[in-house]
Structure formats: structure tokens, C-alpha cells
Visitor: 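My structure is below; once you've seen it, I'll send some questions.
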Protein chains: 2
Amino acid sequence: MDNRIRILRTSLKLSQEEVAKLCDVSRQTINAIENNKYDPTLHLAFRLADILGVKVDELFIYNKST
Amino acid sequence: MDNRIRILRTSLKLSQEEVAKLCDVSRQTINAIENNKYDPTLHLAFRLADILGVKVDELFIYNKST
DNA sequence: TAATAATGTCAAAAACTTTTTACATTTCAA
DNA sequence: TTGAAATGTAAAAAGTTTTTGACATTATTA
């Protein structure tokens, strides 16, 4: 599962820490998800998409095979 | 987080068990998510949406407040 | 009605996500 | 080039999702 967090986040000039606060999760969580270390819960995915101004389906790129 | 799993699933004439098999999770997991017992992981949300023929953003209704 | 399929639910364990604390490395502006 | 901010990473603990097995209830259909 790929994602477009970094590109959207940086184009909004937000740090991982700022996004973390807006999502009410830790900075490490944002870092891990951005770097594809594990899948977030759906709830967090929605919060992230909301903050980054896109739909969940636009933020995460699902790969049917994995 | 509300969802439209049941209505889509039944309109496809699929049982919870059949959907579970297609998603490669247990029947109890499908039942719990359908009945809003807890949020799925994003990966499962994508598998479900895919099987039910909709986008994640169409399958789950995010409520900014919760 | 009786049998069968489908759904709801529970508890314990397994698996996974997230937090916390801490430190290393990279980036960027002064 | 130095200092500060941002990012990467790790390990243990906490929290949440998912599995498994089991049984009860509700729906469906013969």
C-alpha cells in the first residue's frame, strides 16, 4: 500500500509533527505510515486524508496483489 | 464511522462468510465491522471496498467529530 | 414444522498498531 | 559552518484488531 502523504504534506508546508498533532497521533506514527511501515487504522486514514485535503482513495494507493 | 457494507453485500447476494473468504478474514471480523464494533485496518477496508465494487470513501462514512 | 443457512455474540489468544522515551542522522536557514 | 528543526529509527509497553472455537438466535426454504 503506497501513499502520497509526503508530497501532499510538504506542499502544505507541514512537518510530520504538525500533521501528527492535527491527527492527534504521535509523530512516529505519521513517520511510519508515510514510510509505509504498517497500515494505519481506517479512522486514522480518514483523519489524514481530511487534513491533507484529499479522499482516502486518493491518499493511499491500494495494490490488489499485496 | 458508519458503513454501507450490509446493503452492498446483500445486493450482491453474498453472505458474511462469503465476503470473509473473499477478503481472507474471519466471518466474525466481517460481522463486527458491518455492525460497527471497531474500525478495520486500511488494508481490509480496501479489500472490502474492492469486493463490494465501491471506493473506500463510498463504503465508509467518516464523521469528523468522532 | 423441521432442517439448514445465516447472523450475533463471547472469551481468550494472537497479531498488529500506536505511544513513549531516547538518540542518531539529515536538512536547512542564519 | 554552526545551530536548530525535521526526520529516521529502535525497543518496550499499551491499546486495538483479528482469529479461533463455540454456542445461541434469527431467517430461509424444503
Visitor: Does a side-chain N or O of B:N35 approach OP1 or OP2 of C:dT7 to a distance below 4.0 Å, or not?
Guide: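 Answer no for this pair, as no side-chain N or O of B:N35 is under 4.0 Å from OP1 or OP2.
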Visitor: Quickly work out the B:L12 CG to C:dA6 P distance and round it to whole Å.
Guide: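 For the pair B:L12 CG and C:dA6 P, the rounded distance is 15 Å.
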Visitor: Establish, with yes or no, whether the OP1 or OP2 oxygen of C:dG8 is under 4.0 angstrom from a side-chain nitrogen or oxygen of B:N31.
Guide: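 Result: yes.
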Visitor: More than 12 heavy atoms of other residues, nucleotides or ligands under 6.0 Å from CG of B:D2: is that the case?
Guide: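 Yes, enclosed.
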Visitor: Given B:L42, which partner from the list A:T41, A:L44, A:V56, A:I33 fulfils the side chain to side chain contact (heavy atoms under 4.5 Å, CB included) test?
Guide: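 Single side chain to side chain contact (heavy atoms under 4.5 Å, CB included) partner of B:L42 among A:T41, A:L44, A:V56, A:I33: A:V56.
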Visitor: Just by distance, do the side chain of A:D57 and the backbone of B:D57 share a donor-acceptor pair under 3.5 Å?
Guide: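 Side chain of A:D57 to backbone of B:D57, a donor-acceptor pair under 3.5 Å: yes, one is there.
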Visitor: Which residues pass the ring-ring contact (aromatic ring centres under 6.0 Å, His included) test with B:F60, not counting sequence neighbours?
Guide: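 For B:F60 there are no ring-ring contact (aromatic ring centres under 6.0 Å, His included) partners, ignoring immediate neighbours.
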Visitor: What's the NE2-P distance between A:H43 and D:dT17, to the nearest Å?
Guide: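 Atom NE2 in A:H43 sits about 10 Å away from atom P in D:dT17.
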Visitor: Using modelled atom types and a 3.5 Å cut-off, is there a donor and acceptor pairing between side-chain atoms of A:N35 and backbone atoms of A:N31?
Guide: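 Yes; judged by distance alone, with no hydrogens or angles, the pair exists.
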Visitor: Would you kindly give the CD-to-P distance between A:E34 and C:dT26, to the nearest whole Å?
Guide: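 Checked: the CD to P distance equals 17 Å.
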Visitor: Round to the nearest Å and state the distance from A:K13 atom NZ to C:dC28 atom C1'.
Guide: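 The answer, rounded to whole Å, is 13 Å.
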Visitor: Please give, in whole Å, the distance from C:dA6 P to B:R6 CZ?
Guide: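 Checked: the CZ to P distance equals 14 Å.
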Visitor: Identify each atom pair where a protein N or O and an N or O of nucleotides 16-19 of chain C are less than 3.5 Å apart, giving names and distance.
Guide:
from: C:dT17; atom 1: OP1; to: A:D39; atom 2: N; distance (Å): 3.3
from: C:dT17; atom 1: OP1; to: A:D39; atom 2: O; distance (Å): 3.3
from: C:dT18; atom 1: OP1; to: A:T41; atom 2: N; distance (Å): 3.2
from: C:dT18; atom 1: OP1; to: A:T41; atom 2: OG1; distance (Å): 3.3
from: C:dT19; atom 1: OP1; to: A:S26; atom 2: N; distance (Å): 3.4
from: C:dT19; atom 1: OP2; to: A:S26; atom 2: N; distance (Å): 2.7
from: C:dT19; atom 1: OP2; to: A:S26; atom 2: OG; distance (Å): 2.8
from: C:dT19; atom 1: OP2; to: A:T29; atom 2: OG1; distance (Å): 2.4

Visitor: Over how many whole Å does the gap from B:I5 atom CD1 to C:dA6 atom P extend?
Guide: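 About 18 Å, once rounded to whole Å.
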Visitor: Is B:R6 salt-bridged to B:E34, going by a charged N under 4.0 Å from an acidic O?
Guide: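 Result for this pair is yes, salt bridge flagged.
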Visitor: Could you tell me how far apart B:I7 (CD1) and C:dT7 (P) are, to the nearest whole angstrom?
Guide: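 Result: 15 Å.
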Visitor: Report the distance from atom CG of B:N36 to atom C1' of D:dT16, rounded to the nearest whole Å.
Guide: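 B:N36 atom CG is separated from D:dT16 atom C1' by 15 Å.
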